[in-house]
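Numbered from 1 within each chain, the chains take letters A, B, ... in sequence-line order. Fair warning: this is a prediction, and the values are worked out from it, not measured in the lab.
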2 protein chains.
Amino acid sequence: MDNDVSLPRDFDALRTMILDRREVLPKRLAQIAAYALSNPDEIAFGTAASIAQTAGVQPSTLIRFAQHLGFDGFTSLQSVFRERLRERQVSYEERLSALRGDTHGLSTNRVILNGFLTAASHSIETISHNVEEEVLESAVNILAGAETIYLLARRRSYPITAYMAYAFGKLKIRNQLIESTAGIDPEILSFAKPSDAAIAISFSPYASATIEHAAALAARNVPVVAITDSAFSPLAQSAKVWFEAAEGDFSGFRSLSGTMALAMALTVSVAEKRRSF
Amino acid sequence: MDNDVSLPRDFDALRTMILDRREVLPKRLAQIAAYALSNPDEIAFGTAASIAQTAGVQPSTLIRFAQHLGFDGFTSLQSVFRERLRERQVSYEERLSALRGDTHGLSTNRVILNGFLTAASHSIETISHNVEEEVLESAVNILAGAETIYLLARRRSYPITAYMAYAFGKLKIRNQLIESTAGIDPEILSFAKPSDAAIAISFSPYASATIEHAAALAARNVPVVAITDSAFSPLAQSAKVWFEAAEGDFSGFRSLSGTMALAMALTVSVAEKRRSF
DNA sequence: ATCAAGACGGATCAGTTATTCCATTTTGTC
DNA sequence: GACAAAATGGAATAACTGATCCGTCTTGAT
């Protein structure tokens, strides 16, 4: 349309072209541009309709986007994304060595990054094998029935509950994150009733505050769902149901990836369950 | 349909299966088998009609071929070929293949959990391929040289900086988490000097506070390292270096796994670098 | 040579595709 | 603030998709 002279044949050229025009693109077209560059595989394999949906636009906008760049339709734009995947296949062996133990010629930084990525992927694997159907179901049941969900975690586990608090909030599920900025946690927790529930997360070495709070709640018949690392964890004793989430770690820091995925799954499952009430 | 118990979910398994049956396959089906193994890319991208033509058979034969192998149609066979191109990390693919695809007979809870686990593993893969050596190095250099590291993130990105704050603390690296509980963020940030540095994390839809703070810091020559989702992000403009971390998501919630691993790698790399001073 | 069982080709079908078109909204200019 | 131009959403459409079906052909055991 407005650029017939140089229509990009390969992905890099296309990428550059899009980045060049980023400021002059209309809103929806820019939205697609951003999506396309960060999810090129989706463009390569998806259909106009499916891509439009995940990118949050209309299919027609996708076609306009392609035409705006000089292609004669979505299909020709898509073929550039497909070409990219075919070519990349060549350098695939070199990529493989990146994550394997092969640290030759890699910078320290890269070794560290790979370490964390590997630890993360191990966590995910472990979770997927260790989580049992019944445990998952009863945890979801407990939480879905709760009036308020209390979130207990400290230190390295705190980010998990922070994200859960955010997600519960978005999903309009009442929750209370125990953060102790003012040191009044015991008072807040004293409001918890048996019709509420708590999620407690802690790994060895266990944060004493989390353990104590969980025990206190359990003593008052508030059901506790725990995520911890073994059956010997003091959390497991206070918990009505508990998940074993042995996280991989690298140089002393846990990956959190598996636990994070489990936590989000719990969150969304609870919302899903409530919707069916 | 001579369906065996297990139908291959990844390309290698499919390849082995086809090679096993090579002699027992009827003529036309063998013809397709040979074509498929030597032109896997064509199968991945083509349509049943186009593949049939270049392979010299009828489209219906292609579908019969797929069904003969135990798939329920050409489409499911094709998805195996597509998966092969999509997953650059073969080892991950093998490990996680159990997770993907069939949701038959799984509980809703399990489907949701698998969704998050898959999204997490995608994130990790993406990060491992998108992070470039130079970007990583210059980010580490900036941060290692900083007196105080300011951590900016809101909402869904907040858990990342929360964990970084914890890890930096453990590693005795001076840092300041911008949390705004008292609404005095601008004042705290006004202390930042060019000899400090900031890490800003935000994904679309970007948290305005993070964007503004990052821009303010950049304007005062405080170097900003950003983690965001595309070149279109307003964060990328304020940043001296920025990482692209397109996180997989499931039912609207980002996985955070890849970003978390990247953040931890940055944290530890900075500590490592400082130790060498 | 016969004949049943499987393999095959090709017409057909329901569903989906990319695309077009037009009414409406948004944007930019004077 | 008014107006033209551009952008956008969404319904409509024609082409094409994968899959099915059935008559014909091939194969191989008897």
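A salt bridge links Asp41(A) and Arg84(A); the closest N-O separation between the charged side-chain nitrogens and carboxylate oxygens is under 4.0 Å. Under the 4.0 Å criterion applied to side-chain N and carboxylate O atoms, Arg15(A) and Asp20(A) are not assigned as salt-bridge partners.
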Which protein N or O atoms sit under 3.5 Å from an N or O of nucleotides 6-8 of chain D?
from   : atom 1 : to       : atom 2 : distance (Å)
dT8(D) : OP1    : Lys27(A) : N      : 3.1
dT8(D) : OP1    : Arg28(A) : N      : 2.7

Please tabulate the protein-to-nucleotide N/O contacts below 3.5 Å involving nucleotides 15-18 of chain C, giving atom names and distances.
from    : atom 1 : to       : atom 2 : distance (Å)
dA18(C) : OP1    : Ala48(A) : N      : 2.9
dA18(C) : OP2    : Ala48(A) : N      : 2.8
dA18(C) : OP2    : Ala49(A) : N      : 3.4
dA18(C) : O3'    : Thr75(A) : OG1    : 3.3

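Rounded to an integer number of Å, the gap from CG of Leu62(B) to C1' of dC16(D) is 16 Å. For the pair Phe71(B) CZ and dT20(D) P, the interatomic distance rounds to 16 Å; values are reported in whole Å. Gln58(A) has its CD atom 17 Å from the P atom of dA23(C), to the nearest Å. A straight line from CD of Gln53(A) to C1' of dG10(D) spans 15 Å, rounded to a whole angstrom.
Across the helix from dA1(C)-dT30(D) to dC30(C)-dG1(D), the helix axis at one end is tilted relative to the axis at the other end by 30° (nearest 10 degrees, each axis from five pairs).
Side-chain contact annotation: Ser76(B) with Asp72(B), donor-acceptor N/O pair under 3.5 Å present. No hydrogens or angles considered: nothing links the side chains of Arg64(A) and Gln67(A) as a donor-acceptor pair under 3.5 Å.
A side-chain hydrogen bond (donor to acceptor under 3.5 Å, both in side chains) with Tyr166(A) is found for exactly one of Arg155(B), Arg156(B), Arg154(B), namely Arg156(B). Here the rule is side-chain contact (heavy atoms from CB on, under 4.5 Å) with Thr259(B), and of Ile160(B), Thr228(B), Asp229(B), Ile124(B) only Ile160(B) fits it.
The phosphate of dT20(D) has OP1 or OP2 within less than 4.0 Å of a side-chain N or O from Gln67(B).
Although no hydrogens or angles enter the test, the distance criterion places a donor-acceptor pair under 3.5 Å between the side chain of Thr47(B) and the main chain of Ser50(B).
Screening residues 16-66 of chain A for ring-ring contact (aromatic ring centres under 6.0 Å, His included), with sequence neighbours left out, gives Phe45(A)-Phe45(B).
Under the rule for a salt bridge (Lys or Arg N to Asp or Glu O under 4.0 Å), the partners of Glu42(B) that lie at least two apart in sequence or sit in another chain are Arg86(A). Legend: residues meeting side-chain hydrogen bond (donor to acceptor under 3.5 Å, both in side chains) with Thr16(A), ordered by chain and number and at least two apart, are absent.
A centroid separation of less than 6.0 Å is found between the aromatic rings of Phe81(A) and Phe11(A).
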